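Worksheet: one structure, shown below.
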Amino acid sequence: MNYFGYLRDIVKNEIEAATGCGELPTGLDLGALAVTQPPEVAHADAASNAALVLARQAKQAPREIAALLAERLARHPDIVAATTAGPGFINLRLSDAFWRDRLREVLAAGVRYGDSRLGGGAEVNVEYVSANPTGPLHVGHGRGAVFGDALAALLEKAGYAVTREYYINDAGEQMRVLADSLFHRYREAMGEQPGPVPERSYPGEYLIPVAAKIAEESRAPGGTDWRTKKREEWREFFANRGVAEMMDAIKADLGALGIRHDTFFSERDLQRPDHDTSEVAETVKQLMRQGDIYTGVLAPPKGMTVDDWEPRQQALFRATRFGDDIDRPLQKSSGEWTYFASDIAYHRDKFRRGFRTMIDVWGADHGGYVKRMKAAVAAITGGQGDLDVKICQLVNVLKDGQPVRMSKRAGDFIALRAVVDEVGKDVVRFIMLTRRNDAPLDFDLARVVEQSRENPVFYVQYAHARACSVRRHAREAFPDLDLGPTALPAADLTLLADADEIGLIKRLAYWPELVESAAVAHEPHRITFYLHDVAAAFHALWNKGTGDAALRFIVAEQRSLTLARLALVVGVASVVASGLAVIGVTPLEELR
RNA sequence: GCGCCCUUAGCUCAGGUGGAUAGAGCAACAGCCUUCUAAGCUGUGGGUCGCAGGUUCGAGUCCUGCAGGGCGCACCA
């Protein structure tokens, strides 16, 4: 249960009851009515803005309305206090019995606690990673991968039907470059000395084993020596083979992070069967019919020199009509469609597959592309489709505070796989979500494997392991104690009377609200912050037992009390596990 | 030059879509171990939310301008 939603319904009922009694006028708009977390100083469990929302409509002073509603709300069995504060807030305090019921709910639901029907099964497409199939993934891709995957899981938990998608950029100039680079390595593998890798190519050493494999096939009986073939022929082969091999490598990198997409969508498929009948061509025709395309000449960017600028007549999309700054070209001078044209067709295809809500996760270097893509989605869906683009900022890889340079040549990108192998997938996944997506992230390889509270991964894992440890010790202290999923909710929870114990339950009970609000905001990072918060509250409670043995979870000779406290401990482990499940991190039962 | 993102405690960052006296952690200082894991906890100090205006009952949050940092800027994807 999201208790804020529950309380909102109660407040709403009281407003309607008051209306029935003539205390408030009829026809009130309750759209903005909310029940939220109050500031700490309020010392309350929930706060409603009801009176502030209604004041103008009802033509009454907000504090008057607040007093009127507070009096009614105070009679509700779950509410022990309803007070007015500030300009007209209503602060609510809930009964301990209400909170104990929430703990029972946690225990009954297990890791499914927090599951929501908010999304109502609506289809959402989350496209993430979509790295060019020209080489292995680097750490920056890893951030997008983790972010997208966690967001997808979060949306599923919130009741959406999510499709995880990867867009393969397997068309255009870069495929020729890939083919040529691979062919060069192939000639080396066949014993030639073609010299240094050509300019405008991918010098990466990861192509060498692929070329060696192809060379081996060439030498085998019946094999083809591609050097004897025409350029068009070997280019097609090496492009196709290169993409296939690179996608295998990328999928392996993602697999090491526990990430698997539902759909791999090929850009090339959008350009088939040919230039004039492909889905890209159909998309352009649609925009043409709508009057969103014209032929014109683009002005060079101001205040910036472009070396080989030449005015060119070309097909332009009227992006400015949909909020972009300039109109955007759809066709290259060669006659080929631009990447942007393909991308419009791609999003049109998503929409036609039934996705009104589309989320794209992009790297920082694509920030300048957002406006035109949103403009295109608005145009191509007649305003019916909604695109949210999440930009993931750069990841700075450090070791003990010093920047790391791992690759020996060509580029300063650090391979994702190297980092996953060094610190583990769980650490990578967690750390990638310890910052908002639009803020740069420092990833210190040394710190994230430390066993100290400065390491958030450890801190949260430790809370889970500690809870499991307590459960193990309880079994030793009371060998016949039933800690199963039916026995724990049946425990006498009135023995949980300490304010910190109830306080911890309140944090656990916040999980459903966190899931829903994080899902709506498309912000999975909130999960890690929440888990850190739960862990801190649990560690604090644990430590109260160091000074006072009566406050420990396991109290010898006090079976019922121990059982009640174990219910809380198991509840903590359960909610932590539930949160970790969303971000794809395995909860640990012990850390030794 | 233009666009997008960022600017919150000495440092690293939260801040639940406009609410109340802006919160954590680190660092500093003062405490807590014959313990269910001290791999942790408790307390204290620390802020003109980059600057200046505006919108309204109310702004860290929305709008405008300015400053600083990052990313990007036809015929790559």
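Per chain, numbering begins at 1; letters A, B, ... match sequence-line order. All figures in this text were calculated on a predicted structure; none of them were measured in a lab.
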Counting any heavy atom closer than 4.0 Å, what does [X] reach on the DNA or RNA strands: base, sugar-phosphate only, or nothing?
| X | value |
| --- | --- |
| A518(A) | nothing |
| Y510(A) | base |
| S333(A) | base |
| N455(A) | nothing |
| R472(A) | nothing |
| P329(A) | sugar-phosphate |
| K544(A) | nothing |
| I391(A) | nothing |
| A540(A) | sugar-phosphate |
| E267(A) | sugar-phosphate |
| G172(A) | sugar-phosphate |
| A47(A) | base |
| I326(A) | nothing |

Choose from [options] the nucleotide whose nearest atom is closest to any side-chain atom of [X].
| X | options | result |
| --- | --- | --- |
| Y339(A) | A14(B), G40(B), A77(B) | A77(B) |
| W542(A) | C13(B), C36(B), C76(B) | C36(B) |
| D438(A) | C6(B), A74(B), C41(B) | C6(B) |
| F529(A) | G16(B), C76(B), C13(B) | C13(B) |
| P301(A) | C36(B), G1(B), A20(B) | G1(B) |
| F458(A) | U17(B), G40(B), A77(B) | G40(B) |

Just the rounded figure in Å: distance from [atom2] of [N] to [atom1] of [X].
| X | N | atom1 | atom2 | answer |
| --- | --- | --- | --- | --- |
| F538(A) | U42(B) | CZ | P | 14 Å |
| Y462(A) | U37(B) | OH | P | 8 Å |
| L394(A) | G72(B) | CG | C1' | 12 Å |

Check the phosphate of [N] against [X], side-chain N and O only, distance under 4.0 Å to OP1 or OP2. Yes or no?
| X | N | result |
| --- | --- | --- |
| Y459(A) | C41(B) | yes |
| K332(A) | A77(B) | yes |
| H473(A) | U37(B) | yes |
| R436(A) | A14(B) | yes |
| H525(A) | G15(B) | yes |

E501(A) and R565(A) ion-paired at < 4.0 Å | yes
Using a 4.5 Å cut-off on heavy atoms from C-beta on, say whether the side chain of K350(A) contacts that of D360(A).
-> yes
Greater than 12 external heavy atoms within 6.0 Å of E476(A)'s CD =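 Above 12, so yes.
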Check whether more than 12 heavy atoms from other residues, nucleotides or ligands sit under 6.0 Å from atom CZ of R93(A), and answer yes or no.
->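 Result for CZ/R93(A): open.
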According to the Watson-Crick and G-U wobble definition with distances under 3.5 Å, which dot-bracket string, read 5' to 3', encodes RNA chain B, using [ ] for crossing pairs and | for pairs with another strand?
-> (((((((..((((.....[...)))).(((((.......))))).....(((((..]....))))))))))))....
